[in-house]
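Comments concern the structure below.
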Amino acid sequence: MDTLLSQLNQAQAEAAQHIDGALLILAGAGSGKTKTITTRLAYLIKVVGIPPQCTLTLTFTNKAANEMRTRALQLLGAEIPHPPLLCTFHRFGLLFLREHIHHLGRKHDFILLDSDDQKRVIKKLDSSFAYFSPAQILGYISSCKNKLIPPDQARKQAKSEHFLDLSKAYQAYQAFLEDNNMLDFDDLLLKSYEILASNTEIATMMSERYQYIMVDEYQDTNFLQVSLLQKLCTTHSNLCVVGDDDQSIYSWRGADISHILHFAQTFGAKTITLAQNYRSKEPILRAANALIAHNTSRLGKELHSTRGQGDEIVLLSNDDEVAEANTIASHITTLLAQGIAPTQIAILFRLNALSRSIEEGLNRAKIPYKLIGATRFYERAEIKDVLAYFRVVLNLNDDFSLSRIINVPKRSLGKIAQEKIFSTAQSHKLSVYKAYKQRLLESTLSHTQNKQLRALFDTIELLQAKLQESALGFLDAFDESFALRLQTSADDIDRRANIEEFYGYFRDFFMQNPHQGLDDLLYELSLSSSSDVEVGESVSCMSVHSSKGLEFDYVFIIGCEEGFFPLLREEGDLQEERRLGYVAITRAREKLFVSHAHSRFYKGKRESLAPSRFIKEARIHFCEDSFAKVDSRDDSSGVDSRGAKVDSSGSFSKGCAVSHKIFGLGVVQEVRRQGGQEYLRINFGGNIRLILADFVQRV
DNA sequence: TGAGCAGCGTGCACT
DNA sequence: ACGCTGCTCA
């Protein structure tokens with residue numbers, strides 16, 4: 001038990017031992033944030049005796065959630081009957097809605113739309129919105145939802161024709177989703193919030209269930225997420241948030257840095273700052289601190305290195321993007337020759353458009369690289385086709401999914417035929433399948449088209465029967481009927497490989513979760529499609545945004561020129577650009593390379609460019625590159641420790657007096673047995689708490 | 001013979 | 001992702 005806190009430094013240990021009331025852990029880059037949160041979780045469960053299922057830890061990515069879960073379970077040691085709930089905001093919303101969405105008068109088997117599906121919905125809508133791009137409309141809708149603005153209110157608030165049209169699109173979009181029992185990602189949180197806001201009993205119930213709530217990356221929360229958290233804290237204020245105001249880089253998708261800046265006042269929270277950095281050598285931290293000091297809207301902290309001196313930052317000046325790519329490629333070649341693992345090297349850029357030139361340079365130098373954050377696996381067209389088939393198998397009346405696959409593989413059902421099919425069904429207020437069953441479509445289609453459509457529905461009916469028997473049998477039958485036919489040309493080998501990889505995932509899922517259904521797999525996949533970075537065997541190339549949370553021994557930041565980094569546009573926020581610079585710099589452990597070009601070809605013309613002001617602000621100077629003599633690591637270990645071994649004793653009953661290591665004396669109000677565990681509701685001098693019986697003693 | 005489908009070539013990418 | 005052109009079926 002002593003080992004729990006002995007791994008932490010003083011500030012970390014203080015944060016980990018905080019129990020009641022709101023807490024802000026201001027955790028700088030590389031300051032052991034995950035270690036601190038997971039230790040706090042383990043402390044609450046193992047030392048304080050909070051039942052694990054009474055805790056809730058929310059993250060933004062699955063990757064973060066998985067990492068925390070692994071580390072928390074490691075600290076918790078022995079298997080616990082109810083593991084703590086540790087998941088993304090969106091998964092939490094999904095779990096909640098699958099249980100409670102009937103309060104909004106909706107069915108629990110809703111379809112979850114990813115961004116690609118959203119685009120298809122927009123395109124299906126009335127063409128009077130064609131003036132806007134789907135991305136514009138979806139951005140507007142998302143920003144409304146994140147501000148809790150419903151369509152009708154958006155319409156009333158619209159200050160110009162422009163926004164009036166957008167609000168109409170929002171209204172039409174939302175109506176379409178409701179008619180088809182669909183939710184988008186924002187809805188997972190918005191609908192959850194609506195249920196909690198309009199139903200005090202449920203809010204109270206949820207709040208009592210989750211006594212201790214932790215939130216990771218709090219600087220990236222939007223208004224909707226904060227509102228949801230407030231509802232979950234209806235009956236208590238045990239909200240512990242972790243974040244770094246200097247790493248708030250998602251304002252473009254609704255994140256609002258003011259939430260973390262004002263958290264202490266709003267929630268009456270205590271603040272603990274983690275400024276000890278365990279990641280980067282000193283020159284790297286010096287640059288990061290110098291750069292971010294130019295920002296004014298920040299809570300303020302300075303990172304201290306524990307890793308000692310290292311190589312100075314290397315500034316690379318190049319004539320143009322081709323020269324830049326060649327310079328970087330040759331530096332990487334040298335590093336690889338020194339035996340540095342390619343996985344420990346990353347190239348970061350502010351703008352995805354800059355990746356092209358660097359890729360060409362790496363290709364010329366024959367350096368294997370992986371472009372991270374490009375098209376994610378489950379967003380690939382062929383995988384989405386397979387998933388659309390699965391949705392149709394689950395629900396033959398799902399016309400949205402049917403429209404995706406009705407002509408994949410080609411069935412001679414082109415644009416015109418599809419228009420006929422869908423509009424005929426619609427005019428009878430039937431799904432396409434029902435219209436087909438009632439023979440309403442036959443007359444409008446050709447003989448071959450009818451044959452094709454019949455074959456499609458026959459096969460899907462057959463697959464439904466297979467699915468009743470077993471998931472694995474279903475998969476084989478599916479592959480036989482459709483997927484093999486996707487293998488038409490030599491180009492499709494990659495796609496076929498992707499599908500095979502997906503099958504592997506599918507089989508694995510049902511081996512491990514034999515009690516789950518196909519619908520559970522689909523939900524799982526929808527959630528995993530958003531921003532989970534996998535670093536492979538090669539050099540990583542990615543945007544600064546996707547690099548957040550990652551670390552590499554050697555980091556190259558390219559395109560450090562005025563206009564590119566900081567990226568300056570109409571509504572550019574220079575402070576956020578600077579935070580992006582800060583994130584980029586603090587990814588490096590051993591050595592950082594900063595590169596700029598004097599000219600760059602962009603959007604059809606060559607532009608002359610000045611070096612980024614950030615180079616000067618970070619006090620990065622030209623310096624002769626001396627190649628690394630890699631220091632051995634000097635990990636410092638924490639100081640503070642406090643043990644708390646707790647004995648269990650006897651059985652408890654209502655009214656008996658007990659003592660707890662931390663909360664002192666109390667009186668048992670209720671004894672509850674559940675799943676082999678004994679829970680006590682104890683009154684500690686007016687504070688009622690639910691504690692596992694093993695953690696208190698009779699007095 | 002024409003309507004509609006599929007395939008090909010060219011533009012263009014926001015985090 | 002768009003338009004253009006040859007191909008197929010009624």
Side-chain angles (χ1 to χ4, degrees), chain A residues 60-61 115-116 118-120 122-123 127 130 132-140 142-143 146 219-220 222 247-255 257 347-359 371-376 379-381 384 404 406-421 423 442-453 485-486 488-492 530-531 533 541-550 557-559 563-584 587 601-605:
Chain A
F60 278 83
T61 64
S115 54
D116 190 69
Q118 287 180 292
K119 246 181 227 162
R120 288 180 56 228
I122 293 290
K123 283 182 187 160
S127 53
F132 300 101
S133 74
Q136 267 179 305
I137 298 175
L138 289 170
Y140 169 82
S142 178
S143 80
N146 288 327
Q219 76 282 352
D220 289 331
N222 59 41
Q247 293 187 67
S248 169
I249 56 173
Y250 283 105
S251 70
W252 50 274
R253 59 180 199 201
I257 190 173
I347 300 168
L348 308 184
F349 35 81
R350 171 66 184 91
L351 216 63
N352 269 336
L354 298 197
S355 76
R356 179 58 59 89
S357 61
I358 209 78
E359 283 183 72
L371 196 61
I372 291 177
T375 336
R376 281 178 274 281
E379 286 168 13
R380 281 169 207 272
K384 295 216 58 182
R404 186 183 174 101
I406 194 164
N407 202 28
V408 180
K410 296 276 180 262
R411 293 190 178 88
S412 302
L413 295 168
K415 197 167 170 255
I416 309 281
Q418 288 181 42
E419 261 163 32
K420 282 183 200 157
I421 292 172
S423 70
E442 274 173 34
S443 57
T444 61
L445 299 175
S446 74
H447 178 65
T448 38
Q449 289 174 327
N450 270 312
K451 227 171 79 184
Q452 292 274 19
L453 194 63
R485 291 167 58 190
L486 293 172
T488 49
S489 78
D491 275 353
D492 288 342
S530 57
S531 80
V533 176
C541 296
M542 69 190 92
S543 71
V544 177
H545 279 100
S546 11
S547 76
K548 186 146 160 257
L550 304 177
I557 307 173
I558 68 165
F564 282 96
F565 200 170
L567 182 65
L568 297 169
R569 312 166 275 199
E570 310 96 71
E571 281 187 43
D573 177 352
L574 185 61
Q575 298 207 30
E576 177 139 329
E577 292 297 319
R578 209 174 266 120
R579 292 192 289 269
L580 272 162
Y582 179 80
V583 168
R587 296 311 95 199
F601 193 76
Y602 183 64
K603 284 196 174 161
K605 58 178 195 282

Sorted by chain and number, sequence neighbours left out, side-chain hydrogen bond (donor to acceptor under 3.5 Å, both in side chains) with A:Ser115 holds for none
A correct 5'-to-3' footprint of nucleotides 6-15 of chain B, with B, S and - meaning base, sugar-phosphate only and no protein heavy atom under 4.0 Å, is SS-----BBB
Got a list of protein N/O to nucleotides 1-6 of chain C N/O distances below 3.5 Å?
none

Sorted by chain and number, sequence neighbours left out, side-chain hydrogen bond (donor to acceptor under 3.5 Å, both in side chains) with A:Ser543 holds for A:Ser546
For A:Asn450 and A:Glu442 the tightest heavy-atom approach is ND2-O, 3.0 Å
Nearest heavy-atom contact between A:Leu348 and A:Ser547 is CD2-CB, 3.7 Å
Requested in this report: Scan A:Ala417 against the nucleic acid and name what it touches under 4.0 Å (heavy atoms): base, sugar-phosphate only, or nothing.
Outcome: sugar-phosphate
message: Looking only at side-chain N and O atoms, does A:Ser412 offer a donor or acceptor that is under 3.5 Å from a partner on A:Gln452?
response: no
For A:Ala381, the side chain to side chain contact (heavy atoms under 4.5 Å, CB included) test, sequence neighbours excluded, returns A:Arg404
(Q) It should be established whether A:Gln449 places a side-chain nitrogen or oxygen under 4.0 Å from OP1 or OP2 of nucleotide B:dC5. (A) yes
From CD1 of A:Ile416 across to P of B:dG2 the rounded distance in Å is 17 Å
From CD of A:Gln452 across to P of C:dC9 the rounded distance in Å is 11 Å
- prompt: Does the side chain of A:Ile406 reach to within under 4.5 Å of the side chain of A:Leu453, using non-hydrogen atoms?
  reply: yes
Sorted by chain and residue number, the side-chain hydrogen bond (donor to acceptor under 3.5 Å, both in side chains) partners of A:Gln449 (sequence neighbours excluded) come out as A:Ser446
